[in-house]
Amino acid sequence: MVPFTKPRESGSYVDLGESAARAALADAGIDYGAVGQAYVGYVYGDSTSGQAALYGLGPTGIPIVNVNNNCSTGSSALFLARQAVASGVVDCALALGFEQMTPGALTDAFADRISPLFRHDKTQRGIQGWDETAPPNAQFFGGAGQAYVDEFGIDPAVFARISVKARRHAANNPYAVFRDPITLEDVLASPVIYGPLTRLQCCPPTCGAAAAIVCTPEFARAHACDGQVRIKAQSLVTDTPSTFDADDMRQVVGYDMTVEAARQVYEAAGVGPEDIRVVELHDCFTTNEFLTYEALGLTPHGTAEKFVLDGDNTYGGRVVTNPSGGLLSKGHPLGATGLAQCAELVWQLRGVAEARQVDDVNLALQHNLGLGGACVVTLYEKIGA
């Protein structure tokens, strides 16, 4: 990946994408000519932006597929690259994600047509109404956090502790935008955005890019690639009936998508959440990280508050969540996010994450969520562990 930056401080998406792709090729020790297919993810860009970014490496004529799956775009590109290799169509594929964003809350790009979230919007309005002054995504995820508070009677200040943890982790990540420490008081004193969410509990839009080379073991050996990390299991799940029928904002923002994707991955891999020591998960808002602890099975239903208060979500605890600092500190360039998570976990499994390194890591779990919706959960394994 390349260091993420604030909007208007980065190069163009072409420069970002090309730089990340070159870095992935250099890491693998191969030329672009060895790549059989490429899957390129972005959300805010015109058609064939993927070609525009990759043609700087040389127009080789390979299939280039542009991918848009909202905030899970990067890991959706990875999902497709893995499928292409696993099916035997190609021996080597490139997954690339980038985003050149503008400041401010996310909005629909096309105001002249129905939003693809119209079903989610309608469900939300039926559950909690609509606030014309609050950003739409904050209403989704703030409402989901409030639903948890209402059920379990927890102090919503626990959500703010996740922001403090995120910055503490990001202090050791040169790729993150926001690395300065913050206190619990800082987070709680920042402006209220919606429900329990304050400004410092919402991920910022940023610009960035990340990429991964996916290949067969035979290709890795033939090209002397570092093949010590493999994808052990992966699942992509879209909305189920409970998203719209459960009358619960937690379901509207994809809780059951995460539960099902994680179930499929654990079952396919023959492991359980108790085997996981490090996770990069989709912390677009503190409330979503909090809910995801339970959705991934890292802690039982109704115990996420204790999980946070006991420090089980950080170094010295049971599972280190978002050692990179997560979206809250790196920022969230939509198309790049899933592949940036991938990069962090590969570095963790290789043992080269420096001050962020988690001890004794043999398995690493990734969770990337997009409203509308899609959830991708990926389990990585260190070969020979």
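Hydrophobic clustering, with ILVMFWY side chains joined whenever heavy atoms are under 4.5 angstrom apart, groups Leu94 together with Tyr55.
Looking at Glu344 and Arg356, a side-chain N of the basic residue comes within less than 4.0 Å of a carboxylate O on the acidic one, giving a salt bridge. Between Arg167 and Asp180 no salt bridge is recorded (no basic side-chain N to carboxylate O distance below 4.0 Å). Salt bridge Glu260/Arg263: present, at least one basic N to carboxylate O contact under 4.0 Å. Using a cut-off of 4.0 Å between Lys/Arg side-chain N and Asp/Glu carboxylate O, Arg350 and Asp27 are scored as salt-bridged.
Checking Ser324 against Asn173 by side-chain atom types alone, no donor-acceptor pair falls below 3.5 Å. Using a 3.5 Å distance cut-off with no hydrogens or angles, the side chains of Gln100 and Ser10 do not pair a donor with an acceptor. Side-chain contact, Tyr380 with Gln366: a donor N or O sits under 3.5 Å from an acceptor N or O. If you check the side chains of Thr337 and Lys330, you find no donor sitting under 3.5 Å from an acceptor. If you check the side chains of Asn68 and Tyr42, you find no donor sitting under 3.5 Å from an acceptor.
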Practice task
Kindly indicate, with the supporting measurements, whether the criterion side chain to side chain donor-acceptor pair (under 3.5 Å) is fulfilled by Thr314 and His169.
Solution key: CA-CA 8 Å; Thr314 187; His169 290 184; 2.7 Å; yes
Exercise for the section: Before giving the answer on salt bridge (charged side-chain N to carboxylate O under 4.0 Å, His left out), spell out for Glu274 and Arg318 the whole-Å C-alpha distance, their side-chain angles and the decisive distance to 0.1 Å. Expected result: CA-CA 9 Å; Glu274 67 277 2; Arg318 201 183 69 72; over 6 Å; no
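The distance between the ring centers of Phe285 and His332 does not fall below 6.0 angstrom. Ring centers of Tyr148 and Phe290: under 6.0 Å apart, within the cut-off.
Judged by distance alone, with hydrogens and angles left aside, the side-chain atoms of Asp310 form no donor-acceptor pair with the main-chain N or O of Asp312 at under 3.5 Å. Of the possible polar contacts, none joining the Gln234 side chain to the Val376 backbone as a donor-acceptor pair under 3.5 Å is found. Side-chain N or O atoms of Asp283 include one that pairs as donor or acceptor with a backbone N or O of Leu327 at under 3.5 Å. Without hydrogens or angle criteria, Asp155 side chain to Ala157 main chain gives a donor-acceptor distance under 3.5 Å.
Shown are Thr258, Asn368, Thr292; of these, the side-chain hydrogen bond (donor to acceptor under 3.5 Å, both in side chains) with His282 is made only by Asn368.
Across Leu197 and Ala138, no two heavy atoms sit closer than the pair CD1-O, 3.8 Å. Residues Ile62 and Gly36 approach most closely at CB-O, 3.5 Å, considering heavy atoms. For Val278 against Pro323, the heavy-atom pair with the smallest separation is CG2-CG, 3.7 Å. Considering all non-hydrogen atoms of both residues, Leu281 and Leu296 come closest at CD2-CD1, 4.3 Å. For the pair Pro204 and Leu328, the tightest heavy-atom approach, listed with the atom from each and the gap, is CD-O, 3.9 Å. Minimum heavy-atom separation, Ala21 to Leu54: CB-CD2, 4.0 Å.
In this structure, CZ on Arg168 lies 15.5 Å from CZ on Arg179, to the nearest 0.5 angstrom.
No more than 12 heavy atoms of other residues, nucleotides or ligands sit less than 6.0 Å from atom CD of Glu354. Residue Arg8 places its CZ atom among 12 or fewer non-hydrogen atoms of other residues, nucleotides or ligands, all under 6.0 Å distant. Heavy atoms from other residues, nucleotides or ligands lying under 6.0 Å from CG of Asp131 number more than 12.
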